[in-house]
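Here is the structure we will look at.
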Amino acid sequence: MPADPVKSLAAALAASAGAELELERPGEVEYGDYATNVALQLAGARRRPPREIAAEIAEAAAALDMVERADVAGPGFVNLYLRDDWFASALGEILEEGDAYGGRGAERAERVQVEMVSANPTGPILVSHARNGAYGDSVARLFELAGHSVAREYYYNDSGGQMDRFRASVEAVRRGEEPPEDGYQGAYVRDLAALKGDPVPLMLKEMEGTLERFRIHFDTWRRQSELEDRLPELLPRLDTYEKEGALWARSSAYGDEEDRVLLRSGDGSPTYRAADVPYLVDKLERGFDRAIYVLGADHHGTRNWYAAVARMLGYDPDRIEVLIYQPVHLTRGGEQTKMSKRRGDVVFLDEFMDEIGVDAARWYLVNRGPDQAIDIDVDLAAERSQKNPVYYVQYAHARIAGILRNAPDNADNSLLLAGPDPRRRRLSPLLPRAPRARERAGGIQARPLPRNASGDRTLPRPCRRRGT
RNA sequence: GCGCCCGUAGCUCAGUGGACAGAGCGGCGGACUUCUAAUCCGCGGGUCGGAGGUUCGAAUCCUCCCGGGCGCACCA
């Protein structure tokens, strides 16, 4: 049973109020340690003035031994002032739990896979990819905290048009020529040309190093071409048809916006979408209860495709979850930097970490919600001054570390509340709030889904909100 | 045209139904005049893009409109 003192308090109150209720922390100190608006919510249903209901709840609350005082305020809020010894025992529970405090809320531990970054090995990891990783890895950590087991996977393409252009660019330099016009021009192409062998594994090795430095460790790396080998056995299980010489998946009948080409009309070679099919089967057959895709907003058009494939193959589409995040824009010297990998005109994650450090880099990328486009002023981010918000975070961390360093092991919890400084007392109600903060953070962003032809919203449900 | 995301203070953004809408930076006014300090204190600042609607109560939910980003490939 996870320690959640506030929940127990809410439950005790709910019993006396005769209704479920949530405790919130009021914005103002004088409104007490916690407050509830149940009376306001109940007023309509019970056809009684909210303040009257609030008065009854307050009276019942005041009878509880942890409650010092309960007031009715405003239109019908109940403000609670709690006894210091309640906080002392709450703090005791928190200390007992240690790092696990607030975690392990999952009703059933699941095996979840988070597939993230998955940038093709045609160049170093960029800051834009790093947002994918920072987001995905944070979600993964939240799942772990909740008691699930998480595997982080990287999926990359090692064949196809982009890869051909990439290899051709390296080969050209090796022959002493310039890379082709539509090839990759960055300086790293020259570095790779100086080495022997297929540049793809070399590139991947470097990318892995960058990601490790960014503190993301991938458990597995999945190659597109090996997945494609399973295509022949899987294609007959799909709902497909031929049109204009190509093989199409009838995905629009399964919640997708449109049908997708699986095999090209020319040489019958598989498209990138085709490889998604064996990959999805692979994920689900490997025993993951849940497969999470982390995709940039430029891929949101394919959001419903994955669930459509799952349906076609008879899997529960709720096992697929697609997380979308908005792009990152970088400015440097007041100018927006371009993000074209082919032209080599980009900010690499390694440079970014060199300039601002790993902590600051992760912090910047995860500090905004996924729905928010991020603008990062690289000059400001690298600046060691009070203009740079990251130093506030670091300073707070340093101060906390200092407190822990100086704190005796056998500290008396009650002293946290008793000291002469009233600010301690004001801080205390924050601590038991942590489980709720984590619950909120663990809920995956849901998004309204497009209606299908019949105006029904229920069929495609690849994304949904869920607690952990 | 259709779909998704966004539009809150000069700037970057918190705030997904409640008690007077917040923070950092910048700005303005003071203090300190300092041997590698995140210098300190104070102040001003918003029709919450617009219009309707739901509600006892809306920045928050619904509808429409305006503005910005992204997508709608036999590219990945």
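Side-chain atoms are counted along with the backbone in the values below, which use heavy atoms only and exclude waters and symmetry mates. A note on names: the letters A, B, ... follow the listed sequences, proteins ahead of strands, and every chain is numbered from 1.
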Taking the C1' atom in each of B:U12 and B:U54, what is the distance between them to the nearest angstrom? 34 Å
May I ask you to decide if the ring planes of A:W248 and A:Y241 are parallel, tilted or perpendicular, using 30° and 60° as cut-offs? parallel
The answer to which of A:A73 and A:N367 contacts RNA chain B further toward the 5' end, by nearest nucleotide, is A:N367
I want to check something: taking the side chain as every heavy atom from C-beta on, are A:I53 and A:I57 in contact at a cut-off of under 4.5 Å? yes
Who is the Watson-Crick or G-U wobble partner of B:A19, with both distances under 3.5 Å? none
Answer for the Watson-Crick or wobble partner of B:G29, both distances under 3.5 Å, is B:C41
Which whole-number value in Å describes the distance from A:R303 CZ to B:C4 P? 7 Å
What is the distance, to the nearest angstrom, from the CG atom on A:D71 to the P atom on B:A19? 18 Å
A:F77-B:A19 aromatic stacking (under 5.5 Å, under 30°): yes
Quickly work out the A:N37 CG to B:C56 C1' distance and round it to whole Å. 13 Å
Using every non-hydrogen atom in the two residues, find where A:D267 and A:R264 come nearest and quote the distance to one decimal. OD1-CB, 4.1 Å
Considering only the P atoms, how many Å lie between B:A59 and B:U8, rounded to the nearest integer? 15 Å
Electrostatic pair A:D158:A:R223 at N-O distance under 4.0 angstrom: yes
Between B:G52 and B:A58, how far apart are the two C1' atoms, rounded to whole Å? 14 Å
Of all heavy-atom pairs linking A:M163 and A:N120, the shortest is SD-CB, 4.3 Å
In whole Å, what is the span from the CD1 atom of A:I53 to the P atom of B:C56? 14 Å
B:U36: pairing nucleotide in any strand, Watson-Crick or G-U under 3.5 angstrom: none
Ionic contact status for A:R230 with A:E228, cut-off 4.0 Å: no
What pairs of donor and acceptor atoms, side-chain ones from residues 356-365 of chain A against any protein atom, are under 3.5 angstrom apart with sequence neighbours left out?
unit_1 : atom_1 : unit_2 : atom_2 : d
A:D359 : OD1    : A:R215 : NH1    : 3.2
A:D359 : OD1    : A:R215 : NH2    : 3.2
A:R362 : NH1    : A:D137 : OD2    : 3.2
A:R362 : NH1    : A:F214 : O      : 3.1
A:R362 : NH1    : A:R215 : O      : 3.2
A:R362 : NH2    : A:D137 : OD2    : 2.7
A:Y364 : OH     : A:N388 : OD1    : 2.9

Round to a whole Å and report the spacing from CD1 of A:I374 to C1' of B:U12. 12 Å
Can you tell me how far P in B:C4 sits from the matching atom in B:C62, rounded to whole Å? 12 Å
Can you check the distance between B:G15 and B:C6, where both ends of the measurement are the P atom (answer in whole Å)? 11 Å
Euclidean distance for C1', B:C13 against B:G1 (whole angstrom): 33 Å
Can you tell me the base-pairing partner of B:C11? Count Watson-Crick or G-U wobble geometry only, both distances below 3.5 Å, and say none if there is no partner. B:G24
Neighbour count >12 (heavy atoms, 6.0 Å) for atom CD, A:E59: no
Complementary nucleotide of B:A58, counting Watson-Crick and G-U pairs under 3.5 Å: none
Could you tell me how far apart A:R368 (CZ) and B:A23 (C1') are, to the nearest whole angstrom? 11 Å
Say we look at B:C25 and B:G42: how far apart would their P atoms be, to the nearest angstrom? 13 Å
Which whole number of Å gives the distance between the C1' atom of B:C43 and that of B:U47? 24 Å
Is B:G67 paired to anything, Watson-Crick or G-U wobble with both distances less than 3.5 Å, and if yes, which nucleotide? B:C6
Sorted by chain and residue number, the salt bridge (Lys or Arg N to Asp or Glu O under 4.0 Å) partners of A:D219 (sequence neighbours excluded) come out as none
Regarding A:D267, tell me which of base, sugar-phosphate or nothing describes its non-hydrogen contacts under 4.0 Å with the strands shown. nothing
Whole angstrom value for the distance that separates C1' of B:C4 from OH of A:Y325: 15 Å
Atom-pair distance (CG on A:D371; P on B:C13), nearest Å: 14 Å
Can you build the contact string for nucleotides 69-76 of chain B? Use B for base contact, S for sugar-phosphate-only contact, and - for no protein heavy atom under 4.0 Å. -BSS-BSB
